[in-house]
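Not measured: the values here are computed from a predicted model. All heavy atoms count here, side chains included; hydrogens, waters and symmetry mates do not. A, B, ... follow the sequence lines: proteins, then strands. Residue 1 opens every chain.
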Amino acid sequence: MGLGLIGKKLGMSHVFAADGSMVPVTVLDVKGNQVLQVKSASGKDKYSAVQVGFDDQKPSRVSKPLLGHISKHSGSPKKHIREFRTSEEVASATNSGAVIGAELFPPESWVDVIGTTKGKGFQGVVKRYGFAGQPMSHGSMMHRRPGSIGCRLTPGLVWKNQKMPGQMGHVRRTTQNLKVVQSRAAEGLLLIAGCVPGASGDYVVIRPAIKNPAARIAKSQAAKANAKGPAKKK
Amino acid sequence: MHPIITKIEQEQMKKDVPDFKPGDTVKVHTRVVEGDKERIQLFAGIVIDRSGRGLGQAFTVRRISYGEGVERVFMLHSPRIAKIEVEKYGLVRRARLNYLRNRVGKDAVTVKERIKAKVKAKA
């Protein structure tokens, strides 16, 4: 488990890769992430973690207890504060008050991005679950309804998790295994291949990919090379 | 669009792109990578469409190759395009010259020429 960042989604764009192919990217603003507390397994917290704050806030808009906590760890008031569970080594190498940023994720590294998806409101089953619905014409008087939701006396109930209309979107989602295309530490920007949950201007959390796709890709390439190797040598 | 994204896109945009419109005849120098070698391939024809804005700008070039109409869409700011040469300026009254697709023979590759004096005066 590694240290992550809090960022703001600025929007999407694209960049041209070295080979001329076009890569869609999401631009994330990660400027001014600050370490607000370091917890250690050997200390009184009994576990190791790093607390990170993002986006400056007026001191008058922050509660007195929080202000006290922040000044204790030589930080400045932030709008968003989040804790990242880290290994003991990472935690002990981090100082509270330190400003961290895009340099944490160099280009070609893999990340997971956590955000809140765009809210779609109360939606029917056609939009929410992709049900086919019923005919629009030919005398059909049933168009976008869910249809049957169960059987009869047996089992005599509607199964749990039956897909029905309801709130769609505005839920926390994690997009895993996204590649960092560019990491601009000076400007505090991360360009990440592909899309991330949420609308432009939303806050997102960026952490190192837990599935470690780099290792998996290396493994599969090694396996391929082994399979091909003898045939090529001849 | 966010000003920072606009800036990122402007960084990548080419600054030496010639001014050309649908109807103009162009030569597009494309970089082709074969193995480890890179060479330049030419694609010459009439521009029949320009689409997109900013970094996403693209244009379509149509030519008749061995009796068969061929169209290629290029990203204007792609690093794969080495150079764009404008051969002739055309005078057309449409933004999309899709009507050229229905033409056969000499008509398919000719567009009325814009008077040079006008082109120069504009430039």
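Between chain B and the options A:Leu10, A:Val15, A:Val27, the largest number of non-hydrogen pairs under 4.5 Å is found for A:Leu10.
Between B:Glu9 and A:Ser13, the shortest heavy-atom distance links the atoms OE2-OG, 2.5 Å. Contact detail for A:Ala17 and B:Pro79: the closest heavy-atom pair is O-CG, 4.2 Å.
With hydrogens and angles ignored, the 3.5 Å screen pairs a side-chain donor or acceptor of B:Arg80 with a backbone N or O of A:Asp19. Counting only distance, with no hydrogens or angles, the side chain of B:Gln12 and the backbone of A:Phe16 share a donor-acceptor pair below 3.5 Å.
Only the side chain of A:Met22 has a heavy atom closer than 4.5 Å to any heavy atom of chain B. Interface residue A:Glu187: only side-chain heavy atoms are found under 4.5 Å from chain B. Heavy atoms closer than 4.5 Å to chain B are found nowhere in A:Ser200, neither backbone nor side chain. No part of B:Met1 comes within reach of chain A, as not one of its non-hydrogen atoms sits under 4.5 angstrom from that chain. Both the backbone and the side chain of B:Leu55 have a heavy atom closer than 4.5 Å to some heavy atom of chain A.
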Passes side-chain contact (heavy atoms from CB on, under 4.5 Å), B:Ile8 versus A:Val25? Steps please.
CA-CA 11 Å; B:Ile8 290 172; A:Val25 293; over 6 Å; no

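No more than 12 heavy atoms of other residues, nucleotides or ligands sit less than 6.0 Å from atom NE2 of A:His170.
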